Amino acid sequence: MSYPFKKIEKKWQKIWKKNKYKNWKAKDFKGKKIYILDMFPYPSGEGLHVGHVEGYTATDILARYYRMKGYNVLHPMGWDAFGLPAENYALKMKKNPMTFVPKNIKRYKNQMEMIGLSYDWDREINTTDPNYYKWTQWMFLKMYEKGLVYQKTAPINFCPSCKTGLANEEVIGGRCERCGSITEVKYLNQWHIKITAYADRLLEDLDELDWPENVKEMQRNWIGKSEGYEVTFKIAGEEKEIIIFTTRLDTIFGATFVVLAPEHPLSAKIPEEEYVSNVESYIENSLKRPERERKIEEEMSGVFTGRYAIHPITGERIPIWVSDYVLYYYGTGAIMGVPAHDSRDYRFAKKFGLKIISVVSPNKNEEPQNLPFEDYGYLINSFDYNGLDSKTAIEEIGKYLEEKGLAKKAVYYKLRDWVFSRQRYWGEPIPLIKCPKCGIVPVPEKDLPLKLPKVKSYEPTGTGESPLKNITKWVKTKCPKCKSDAERETHTMPQWAGSCWYYLRYIDPKNNKKFAGFQKLKYWLPVDIYVGGVEHAVLHLLYARFWHKFLYDLNLVPTKEPFMKLVNQGIILGPDHEKMSKSRGNVINPDEVIEKYGADTLRMYEMFMGPLEAVKPWDTKGIIGIFRFLNKVWEYNKKVRKSKKKKEDTKINIELNKTIKKVTEDIEAMKFNTAISSMMEFLNYVWDKEVTKTTWLNFIKILFPFAPHITQEIWSQYKKGFLDKEAWPKYDEKLLKEKEKLIIIQINGKKRDEMSVDVSASLEEIQKEALERTKVKKFLENKKVHKIIFVQDKILNIVTD
RNA sequence: GCCCGGGUGGCGGAAUUGGUAGACGCGUUGGGCUUAAAACCCAAUGGCCUACAUAGGCUGUGAGGGUUCGAAUCCCUCCCCGGGCACCA
């Protein structure tokens, strides 16, 4: 017979709800605050999966713990309901997202209650609520006002299945982040946001953050800062010049050719007559192919223009080529080819028989052994600069060229501006109006929110136009400036827009004058702990940091960064150690687990599986261990209720204090798996013993954040009120200082014996006692003691010759 | 190719950061309860070996080497797995 978890869990969930979640409310400006945040879900309709439960349980434990510790805890939840995930699901089910999404939200919320998550539901937000997206639009207009929003026709990534343009960040390995389709390149006129203006700050401020190193590294790589020089190469017999970008000015004496990207304006302009048709067809061909395809190609291609560039130092004539291994959208779209020290230039030179000169070597006055040699080293074959190390050479050569006006320092980033238009229905309408007379005119603030119109058909068109385009009534409007007939922008914002600032709205969710009051923001920010999946490393987490910094510059938020500490929960694999997926049939459904074992078991098992950050497989058998543990708690409680014991034994007291200490420290370090182990150890220890009610209730208190239902039920059998309101038990350090210590006796580093010693014993006493032990004597026969090493309270190592 | 993680029993994982390797849990084996099974309870459980037994020995944290009285932990070389980036000049 198992304990009646269904009855207990239902009972307390009902009471908590009836109590209007009062125990979980955050109060502004009251005492010491802590802001514990989850990444809010997209309510797609598939329901919560075990991965959500993992992260949400972890923060729930923290929230419950800190409340008991007397903190003012902000632990909110909301819905990221705009965007592709929700819309694609609605499309699949042939429903309108406007009616469908609220249903999904209900389902998600219901599931969260079934897991026993202690959110402050008064602060619930929904990104599709006009009262919410009013402020998303407002912030967008602020960016527009500050010149960070611009329109440009550019080749962008386009998902043929979702039928919309995507940002660079949304293309993972050439595929759409949402649906996995291979993306295409389309030339579309899109709104962009100048996130690149913040590249340097986004990079630098990473250092201050308590984030996993790999996430910081991913952001650094994504931003991809390169410092170098722009160098001018004159074209022989022409006024025109080619500006190239290089980070390796030390290799300039090895530049034996110049390469232009096919898109480079000079590519089509400069070829000698006999080369024109060749170059033109090459350019035409490469423009047809998306960048991604060009990259994958092993074989290098390119054409000679028939023209030569003048080397800026030696004055030598070097050939100018056009090749698509040079990217137009990075740097200046032109490079100097240094085949001896760059693998791509090397391959290119080999293929077309171009000159290769080594100019950097690992050793002075020596040619490098293997080409290409891409590391820094010492200069050779470089005239006056021979013998200098690469770094010095870069500076010296840079100085020389700068003086001659042929070079200047330059910084380039891999990060590109954020493509912000989506050709989809389910998003925040971009609040801009196109007036034939005034051009682009923002929707006046008083007219916000610009509501998304209700429609019958919202299927994406695939033409590069938004479905909103067909809603003539909505599209046709008057220009706010000149009142003449005008049209609304019909593209919508990407799904990331709403999630860029949702953590701010929780702080002041009902404010209808501002997105949030500054004093409240000052009290609650920054977010102290943010838990969520690593998949947002260069998406949401980069966008939100950018958005936050923008608001910071307008003095609208008090901190430079939104999220101080970030923790990524590791994904939970199926029992077969493979990623959970419907097609593999290895998906664990949390609803079913709750049905079979209850929410407390589900919560605790997910915390017990291993470290929060680790990727770990679900073990269908393993969960029984937690279930047994909770059953044992229930059984043992019956024994305690009958007990008349008044005074606790010292040994049990020590054990309890040890457990409280371990659980306290482990929760703060988010090491939930070992916290649970130590509680199991405690129960195992007292299992055949009797404890007082006080001892037992202290144990129940520390178990509460992990298993709130069963503990609250047990608590109610002794005392009134909610465990949320109880103070976290303190542990007594004095009790933890044991009188006797176990000393391990090693001989030459190997454990041979152990003995118990009074803590007050002197080293001499311990040594003497140890050397007299029969086992020790046996090992020391015919040997001379050379040295004795003693580690206080731990080890005595006897070293012999 | 480059950059991050990581390799510990049959499995998930512990190990105070250089000091008893394998906590806790699963599984397995033996025993109890039961007409029987499940559930539950008790005990054993890294591998190899010696022993009638109480016991005891050797070996062991991906491989090899090094530092140290002492290494899962630090250093060097290599192998393997996971993740990210990938013609970014």
Side-chain angles (χ1 to χ4, degrees), chain A residues 1-2 172-173 212-222 224-226 228 244-248 251 259 261 291-292 294-298 300 323-327 329-338 341-345 347-348 374 412-416 534 537-538 570-571 575 577 605 608-611 613-626 628-629 631-632 635 662 665 671 673-681 683-684 687-688 742-754 775 778 786-800:
Chain A
M1 262 294 279
S2 73
I172 315 260
E213 205 39 57
N214 63 322
V215 176
K216 289 202 212 177
E217 202 55 30
M218 279 162 80
Q219 291 211 351
R220 280 189 199 111
N221 290 340
W222 190 261
K225 183 179 183 174
S226 290
I244 63 101
F245 174 65
T246 180
T247 55
R248 291 297 303 276
T251 65
V259 189
E291 244 180 51
R292 178 179 44 79
R294 291 195 230 157
K295 286 182 201 169
I296 291 164
E297 206 160 319
E298 296 262 315
M300 286 208 146
S323 170
D324 61 14
Y325 88 89
V326 174
L327 305 174
Y329 293 95
Y330 181 78
T332 59
I335 60 147
M336 61 177 191
V338 186
H341 305 291
D342 181 284
S343 58
R344 297 152 299 178
D345 297 347
R347 278 196 286 149
F348 192 75
E374 296 186 279
Y412 282 97
Y413 299 92
K414 282 202 257 181
L415 183 72
R416 297 188 191 174
V534 73
V538 286
I571 51 169
H577 288 56
Y605 176 61
F608 184 64
M609 289 168 77
E613 315 81 40
V615 175
K616 43 210 177 280
W618 186 276
D619 184 354
T620 329
K621 288 257 178 65
I623 192 169
I624 199 89
I626 293 288
R628 280 180 194 148
F629 169 71
N631 273 295
K632 280 170 93 170
E635 282 309 307
K662 178 83 178 140
E665 289 171 354
K671 285 158 75 176
N673 54 334
T674 47
I676 293 171
S677 304
S678 72
M679 289 188 280
M680 287 173 165
E681 279 179 275
L683 191 65
N684 289 343
W687 189 242
D688 55 0
L742 191 69
I743 299 282
I744 303 302
I745 303 171
Q746 293 183 335
I747 292 165
N748 295 326
K750 268 189 188 159
K751 183 191 167 187
R752 294 301 181 187
D753 202 358
E754 56 185 46
K775 262 188 102 173
K778 198 178 117 200
H786 183 67
K787 199 173 167 187
I788 292 180
I789 285 152
F790 180 64
V791 183
Q792 189 69 46
D793 298 343
K794 273 180 192 157
I795 270 177
L796 187 80
N797 190 11
I798 303 165
V799 187
T800 68

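Being a predicted model, the structure only gives us computed values, none of them experimental. Basis for what follows: all heavy atoms, side chains included, without hydrogens, waters or symmetry-related copies. Naming convention: chains lettered A, B, ... in sequence-line order (proteins, then strands); numbering from 1 in each chain.
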Can you tell me the base-pairing partner of [N]? Count Watson-Crick or G-U wobble geometry only, both distances below 3.5 Å, and say none if there is no partner.
{"N": "B:G19", "value": "B:C69"}
{"N": "B:C40", "value": "B:G32"}
{"N": "B:G82", "value": "B:C4"}
{"N": "B:U50", "value": "B:A55"}
{"N": "B:U77", "value": "B:A63"}
{"N": "B:G27", "value": "B:U45"}

Gap between atoms CG and C1', on A:Asn631 and B:C26 respectively (whole Å):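 That distance rounds to 16 Å.
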
How would you label the contact of [X] with the nucleic acid (heavy atoms, under 4.0 Å): base, sugar-phosphate, or nothing?
{"X": "A:Pro212", "value": "nothing"}
{"X": "A:Gln746", "value": "base"}
{"X": "A:Asn214", "value": "sugar-phosphate"}
{"X": "A:Lys414", "value": "base"}
{"X": "A:Ile624", "value": "sugar-phosphate"}
{"X": "A:Asn684", "value": "sugar-phosphate"}
{"X": "A:Val615", "value": "sugar-phosphate"}
{"X": "A:Lys621", "value": "sugar-phosphate"}

Within less than 4.0 Å of OP1 or OP2 of [N], is there a side-chain N or O belonging to [X]?
{"X": "A:Arg628", "N": "B:C40", "answer": "yes"}
{"X": "A:Lys787", "N": "B:C69", "answer": "yes"}
{"X": "A:Asn673", "N": "B:G25", "answer": "no"}
{"X": "A:Arg752", "N": "B:C58", "answer": "yes"}
{"X": "A:Trp687", "N": "B:C42", "answer": "yes"}
{"X": "A:Lys616", "N": "B:G6", "answer": "no"}
{"X": "A:Tyr330", "N": "B:A89", "answer": "yes"}
{"X": "A:Ser678", "N": "B:A23", "answer": "no"}

A:Glu635 bridged to A:Lys632 by N-O distance under 4.0 Å: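 Judged by the 4.0 Å cut-off on N to carboxylate O distance, A:Glu635 and A:Lys632 do not form a salt bridge.
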
Short N-O contact, A:Glu613 and A:Lys671, less than 4.0 angstrom: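 No, A:Glu613 and A:Lys671 are not salt-bridged.
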
Contact nearer the 5' end of RNA chain B, comparing A:Ile798 with A:Val538: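 Looking at RNA chain B, the more 5' nearest nucleotide goes with A:Ile798.
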
A:Lys671 or A:Trp222, whichever maps to the more 5' nucleotide of RNA chain B: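 Looking at RNA chain B, the more 5' nearest nucleotide goes with A:Lys671.
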
Pairwise distance CE(A:Met679) to OG1(A:Thr674) - rounded to 0.5 angstrom: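 One finds 9.5 Å between CE of A:Met679 and OG1 of A:Thr674.
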
A:Tyr325 and A:Phe348 aromatic ring geometry - parallel, tilted or perpendicular at 30°/60° bounds: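 It falls in the tilted class, 30° to 60°.
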
Donor/acceptor link under 3.5 angstrom from A:Asn797 side chain onto base of B:C69: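 When only heavy-atom distances are counted, A:Asn797 does reach the base of B:C69 through a donor-acceptor pair under 3.5 Å.
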
Side-chain donor/acceptor contact of A:Glu213 with base of B:G5 under 3.5 Å: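 Result: no qualifying N/O pair found.
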
Donor-acceptor pair, side chain of A:Asn221 and main chain of A:Gly224, under 3.5 angstrom: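 Between the backbone of A:Gly224 and the side chain of A:Asn221 there is no qualifying donor-acceptor contact (under 3.5 Å).
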
A:Tyr330 side chain near A:Tyr413 side chain, heavy-atom distance below 4.5 Å: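 Side chain of A:Tyr330 against side chain of A:Tyr413, heavy atoms only: no contact under 4.5 Å found.
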
Sub-4.5 Å side-chain heavy-atom contact between A:Asn797 and A:Ile788: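 Contact flag for A:Asn797/A:Ile788 side chains = no.
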
Syn-anti status, with the boundary at 90° from 0, for the nucleotide B:G9: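 Syn.
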
